[in-house]
Asker: 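First the structure, then my questions, so here it is.
Keep in mind it's a predicted model, so treat the numbers as computed, not measured.
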Amino acid sequence: MKIVKIPGKDLDLFASVLPAFGRLYAPVKRGSGYVFDQPANWSEIALSYARTILPPRKLLLPPREALFTFDPVNGYRDLLAEAAEPQVLFGVHAYDIHGLNILDRVFGQGKYADPYYITRRRNSAIVGIDFDPDDRHFARSMNADFVDGGFDLFLHDIGDDYLVRVGTSRGDDMVAMSGCLMSEPTAADIAEFKRRSGQRHAAYRTGVELGDLPEILEMEYHSEVWKELGERCLSCGSCSMVCPTCYCFDVSDEVELGTRAGSRLRTWDSCLFKTHAAVAGGENFRKSRSSRVKFRFYHKQRGYVAEYGRPSCVGCGRCSVACPAGIDIVTVIRTIRGQTDVHADDVNVATAGR
Amino acid sequence: MEHAKTVLIIDDDADYVSGLAHLLETNGYGVRTAASGGDGLDLAKTVKPDAILLDVMMDDRTDGFFTLERIRAVPDLSDIPVIVISSIYSDYPVFRVSPESGWLPANLFLPKPVNPARLLAELARLTGTGHLTLPAETRSQPT
């Protein structure tokens with residue numbers, strides 16, 4: 001992989017040419033949190049942030065998306081052209097890029113590849129950036145603290161400069177366009193990268209043991225832990241909304257009043273919602289909250305492993321931050337392993353590190 | 001009678017804006033000004049000028065570039081001619097991305113200090129007011 005270097009003081013000049021590759025989105029502060037939005041200027045862009053409220057998947061799999069329109073005169077018109085609007089996502093953390101790579105497997109392959117997601121993914125340039133883990137991050141446990149693909153460029157802070165890993169030919173075009181801003185790294189730069197990488201590994205304060213977790217989940221299918229969690233869970237779906245890899249969606253038709261014209265919509269759904277497993281005829285395969293919250297954990301840490309060989313959790317910590325009931329995924333996993341009590345640490349963890 | 005074309009100047013250098021505004025007004029243009037990218041964008045949405053003269057280095061040294069993207073993203077403003085006027089290339093020689101390379105969605109880039117005759121001629125072209133002849137006292141040496 002090609003690696004170059006850019007002075008940190010010139011990142012603003014580099015960012016100013018990125019819109020040549022699409023509409024620029026970057027992490028910006030909004031209220032007490034960070035969101036991916038179009039920045040008004042360079043100063044608004046947060047190079048150092050813990051996590052955004054919603055993951056960058058909101059820009060590739062929008063919360064509400066019109067797939068096609070229909071009317072009696074013109075018939076159907078798909079909206080793929082709108083999905084092809086180029087965009088640049090600047091400042092994406094490694095675990096979020098892993099999240100997109102996981103969605104690529106779900107939407108980008110096989111018999112039912114999704115043309116809307118694929119089009120957006122192809123037309124989205126990704127520029128990643130390092131992050132320092134906080135109390136909620138456990139991306140290292142999920143092998144998502146470093147990523148070697150799925151991005152166009154990745155920036156690594158080495159002090160006054162950034163090492164820039166070039167992931168694609170589009171990334172190479174970005175380097176070429178920025179011309180004299182980039183230079184060759186030195187041996188000292190590489191040494192500093194390794195030093196900081198080691199520091200970052202050691203900085204993780206939260207982690208889970210992953211290896212035999214799928215099998216332990218199989219064994220604990222009828223554990224009382226799920227019943228207790230079900231009593232606390234509010235089924236609000238916040239965990240799904242903020243998750244980089246949740247991809248359940250609902251489909252509906254919205255018809256304009258008084259006409260026969262309208263559009264087919266895709267909207268985010270959540271397996272925590274009561275209606276998620278309801279089918280025609282009135283049967284609901286996961287009527288209880290405990291069954292739904294259990295399903296979410298099993299899908300992330302067991303079902304996806306069986307299908308794709310790795311968990312679909314990337315250890316970003318967003319679900320723990322967002323949960324109004326204080327359910328913390330790390331505590332739940334440790335409890336299932338018999339390492340802690342599901343009640344003991346939750347309150348403390350829920351209030352720490354927000 | 002045709003109304004005077006309106007030009008919006010977005011630049012945080014008050015003295016420079018004052019001189020530029022005088023040049024434009026004595027050549028028949030109406031002038032509005034804003035001292036920041038954000039204020040300029042808001043004013044552009046309200047006034048819908050016939051052209052925009054946009055500085056780059058304001059609060060941040062790349063402010064104008066970001067403002068230009070936001071202008072182009074507004075459907076009502078996307079067709080307004082924008083002339084970027086800046087000394088960023090001379091002030092920061094490491095920044096060698098040519099404005100003619102296609103990355104800058106402006107209609108024209110002019111280096112500061114701007115040649116008044118060139119500016120007026122380009123404004124006339126972009127706003128469709130035809131070719132203008134400068135009064136003798138405003139003609140400057142060619143750069």
Side-chain angles (χ1 to χ4, degrees), chain A residues 4-30 36-47 59 82 85-91 125 127 152 160-162 164 170-184, chain B residues 10-12 34-45 52 54-78 82 84-109 111-112:
Chain A
V4 290
K5 177 175 76 170
I6 184 171
K9 64 178 175 57
D10 290 338
L11 261 190
D12 60 334
L13 296 174
F14 172 67
S16 67
V17 303
L18 286 180
F21 295 88
R23 188 164 294 181
L24 181 65
Y25 291 90
V28 299
K29 200 142 179 18
R30 294 280 186 262
F36 275 97
D37 201 352
Q38 294 178 263
N41 49 46
W42 172 251
S43 292
E44 233 195 5
I45 296 177
L47 294 179
L59 296 169
E82 281 78 358
E85 286 286 327
Q87 54 189 9
V88 179
L89 280 62
F90 179 88
V127 179
D152 296 275
D160 293 335
D161 304 317
Y162 283 83
V164 183
R170 179 168 52 197
D172 208 33
D173 290 343
M174 291 176 172
V175 170
M177 175 165 269
S178 65
C180 294
L181 294 177
M182 309 262 183
S183 61
E184 288 294 314
Chain B
I10 305 176
D11 194 317
D12 64 342
S36 71
D39 288 346
L41 180 67
D42 290 341
L43 197 51
K45 288 176 185 172
I52 297 174
L54 177 62
D55 183 26
V56 174
M57 295 186 286
M58 291 183 273
D59 288 332
D60 286 344
R61 71 177 170 177
T62 54
D63 256 352
F65 294 145
F66 282 80
T67 301
L68 181 56
E69 290 301 320
R70 294 167 80 200
I71 289 172
R72 291 299 189 223
V74 179
D76 280 352
L77 306 181
S78 58
V82 177
V84 173
I85 305 176
S86 174
S87 60
I88 190 169
Y89 285 99
S90 53
D91 287 357
Y92 298 100
V94 70
F95 186 58
R96 294 184 209 170
V97 187
S98 167
E100 282 79 38
S101 69
W103 70 273
L104 189 67
N107 295 78
L108 182 66
F109 179 93
K112 267 184 186 176

Asker: Does the side chain of B:F95 come within less than 4.5 Å of A:S16's, by heavy atoms?
Answerer: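 SC-SC contact between A:S16 and B:F95 confirmed.
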
Asker: Which pairs, with at least one residue in residues 37-46 of chain A and sequence neighbours excluded, count as a salt bridge (Lys or Arg N to Asp or Glu O under 4.0 Å)?
Answerer: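 Every salt bridge (Lys or Arg N to Asp or Glu O under 4.0 Å) pair that includes a residue of residues 37-46 of chain A, provided the two are not neighbours, is A:R30-A:D37, A:R30-A:E44.
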
Asker: Taking side chain as everything from C-beta outward and backbone as N, CA, C, O, which of these in B:I88 sits under 4.5 Å from a heavy atom of chain A? Side chain, backbone, both or neither.
Answerer: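 When you check distances to chain A, only side chain atoms of B:I88 fall under 4.5 Å.
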
Asker: Can you tell me which of A:D10, A:L18, A:N41, A:L24 forms the most heavy-atom pairs within a distance under 4.5 Å of chain B?
Answerer: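 Ranked by heavy-atom pairs under 4.5 Å with chain B, first place is A:N41.
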
Asker: Any carboxylate oxygen within less than 4.0 angstrom of a Lys/Arg side-chain nitrogen, looking at B:D42 and B:R70?
Answerer: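 Here B:D42 does not pair with B:R70 in a salt bridge, since their nearest N and O are not under 4.0 Å apart.
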
Asker: Side chains of B:K112 and B:D11: closer than 4.5 Å at any heavy-atom pair?
Answerer: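 Yes. Closest side-chain heavy atoms under 4.5 Å.
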
Asker: Do you know which of A:P39, A:S43, A:A20 has the most heavy-atom pairs under 4.5 Å to chain B?
Answerer: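 Ranked by contacts with chain B, first place is A:S43.
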
